[in-house]
Amino acid sequence: MTGPNTTNAELFEAARRVIPGGVNSPVRAFGSVGGTPYFVARAEGPYVFDVEGRRYLDFVQSYGAIIAGHAHPAITDAVAKAAADGTSYGAPTEREVALAERIANAAPGVEQVRLVSSGTEATMTAVRLARGFTGRPQIVKFAGCYHGHADALLAAGGSGVATLGLSGSAGVPPSAVADTIVAPYNVVPELDDQVAAVVVEPVAANMGLIPPAPGFLAGLRQACTEAGALLIFDEVITGFRLGPGGAAERFGVTPDISCFGKVIGGGLPIGALGARAEIMETLAPAGPVYQAGTLSGNPLATAAGLAALDLLTPIAYGELVARAGQFADGLRGVLTTAGFDAVVTQVGTLVGLYCGPAAEAGWAPADYDDARTTDEQAYARLHAELLRRGAAFAPGAYEAIFVSLAHTPEIIDEALSAIAAASTAATAS
Ligand SMILES: *Cc1c(COP(=O)(O)O)cnc(C)c1O
């Protein structure tokens with residue numbers, strides 16, 4: 001069993017007995033990078049500390065749910081205060097209204113918001129809403145985009161079979177994805193009158209980090225408008241991370257439905273979807289599309305989310321962009337110096353890394369096929385050497401790299417020194 005002097009290895013062994021694979025979300029198991037996951041005891045600012053007392057400079061940041069740094073006092077205080085007043089009521093609260101207003105005021109095209117408990121729920125509901133609103137069955141998604149683990153959207157989260165209309169996971173029957181069409185990212189697909197919605201990560205941040213090609217998002221907007229389909233932006237990562245208006249604002253394209261998660265919960269479980277009132281009022285109880293949640297609009301999650309959004313001033317976004325830039329440039333520099341082949345991408349506050357030689361000078365990945373040319377073994381070597389030197393990258397080659405407000409210029413320099421040493425070691429091995 002677990003106790004005070006438990007090691008990562010002991011905990012992982014215990015975990016694997018009672019939790020499938022030892023984790024509650026697959027990437028955490030270190031399957032693709034090898035080794036034993038570190039079990040976190042606590043975290044503070046840019047650091048996480050494992051149960052063995054080791055400190056890691058953290059670039060995982062809960063896959064984007066953390067933006068102010070770990071255990072930010074404004075957020076932990078808000079959560080503690082909220083908890084003292086009760087943790088869930090099953091009745092509406094003032095903070096739900098406040099958070100919905102914050103999102104509606106910031107996100108282009110959003111007039112009303114429904115709060116849910118995860119990004120998966122947000123996209124799942126967005127699909128049902130689009131089908132209910134349009135009365136059409138089909139959904140177009142893009143290979144390599146991740147929209148959570150709902151049946152209809154798992155197709156081509158991962159493999160070429162999905163482009164054939166097959167499911168991306170065991171347990172998803174062909175019937176569940178029969179109306180899911182998978183298209184290559186950065187190419188505007190042709191739509192017909194059977195398409196309810198096109199769902200897209202407006203910046204693809206689950207196959208490394210791939211920016212939308214010039215005209216791609218505007219092209220989707222036009223194609224959807226012409227076909228009478230709804231455009232769904234999955235801004236679960238980009239929402240309030242690229243800026244208050246997310247990718248929609250950055251690229252000047254207004255979707256019909258926007259999905260949120262991660263940042264808007266300040267590290268607590270939350271998701272949200274928003275659209276103009278005409279669409280949102282199709283949702284129950286205003287309309288016929290059913291959706292509900294025992295913990296939706298949870299008092300702790302809304303308190304944490306509001307506290308996080310309060311910290312995200314224009315100055316804060318400026319700092320985040322500067323730090324992402326410092327990190328991306330520094331990363332390119334130290335990898336090149338070490339002779340470690342890689343391509344580093346950046347969109348505003350987000351950074352991506354592809355290991356392996358670029359196809360040609362100036363090459364950057366544009367779609368899932370490109371992304372999958374990444375050298376997963378080289379990434380695994382780099383990841384292990386980084387961990388050894390106290391820096392934590394995500395244990396998977398297709399995750400974006402996250403910096404937070406706690407990643408000061410000094411912290412980033414410290415990280416770059418570790419990365420320089422790690423990449424030299426990873427090149428030699
Ligand atoms: C993380 C993520 C989701 C799923 O959110 P969960 O809270 O993990 O269910 C959906 N879409 C995108 C773009 C994501 O990055």
Side-chain angles (χ1 to χ4, degrees), residues 23-28 59-67 103 107 114-130 139 141-158 168-169 180 182 185 197-212 217 220 231-242 246-248 250-251 255 257-274 291 293 295-298 301-302 304-305 308 347-352 368 371 394-402:
V23 292
N24 285 308
S25 200
V27 69
R28 297 180 196 167
F59 289 93
V60 182
Q61 297 292 310
S62 190
Y63 296 93
I66 303 295
I67 194 165
I103 295 170
R114 171 65 49 91
L115 297 177
V116 294
S117 295
S118 69
T120 294
E121 269 187 82
T123 57
M124 187 182 84
T125 303
V127 165
R128 186 180 301 152
L129 176 59
I139 301 295
K141 80 169 289 280
F142 297 94
C145 284
Y146 180 66
H147 304 294
H149 59 91
D151 283 357
L153 292 172
L154 257 189
S169 163
T180 301
V182 181
Y185 195 72
V198 173
V199 55
V200 66
E201 280 186 80
V203 175
N206 284 286
M207 47 174 161
L209 183 76
I210 299 183
L217 298 177
L220 291 181
L231 178 59
I232 303 174
F233 275 7
D234 179 350
E235 300 233 35
V236 171
I237 282 187
T238 50
F240 293 92
R241 180 164 289 273
L242 292 179
R250 183 183 181 92
F251 295 98
I257 303 177
S258 301
C259 299
F260 304 93
K262 299 192 170 120
V263 168
I264 63 158
L268 271 80
I270 207 165
L273 65 153
Q291 188 279 331
L295 296 176
S296 293
N298 178 262
T302 51
V347 179
T349 57
L350 286 164
V351 178
Y368 193 38
Y398 297 96
E399 310 295 339
I401 303 174
F402 296 96

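Numbering of ligands and ligand atoms starts at 1, following listing order.
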T180 (side chain) donor-acceptor with A152 (main chain) under 3.5 angstrom: yes
Output yes when a side-chain donor or acceptor of E201 lies under 3.5 Å from a complementary backbone atom of Y146, and no otherwise. yes
Return the orientation label for the Y185 and F142 ring planes: parallel under 30°, perpendicular over 60°, tilted otherwise.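 The rings of Y185 and F142 stand perpendicular, inter-plane angle above 60°.
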What pairs with F59 under ring-ring contact (aromatic ring centres under 6.0 Å, His included), at least two apart in sequence or on another chain?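 So F59 forms a ring-ring contact (aromatic ring centres under 6.0 Å, His included) with F327, F393, H407.
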Residues in contact with ligand 1, criterion: heavy atom under 4.0 Å: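 Ligand 1 pocket, heavy atoms under 4.0 Å: S118, G119, T120, Y146, H147, G148, E201, N206, D234, V236, I237, K262.
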With sequence neighbours excluded, what pairs up with Q291 under the side chain to side chain donor-acceptor pair (under 3.5 Å) test? R114
Pairing residues for T238 by the side chain to side chain donor-acceptor pair (under 3.5 Å) criterion, not counting sequence neighbours: E235
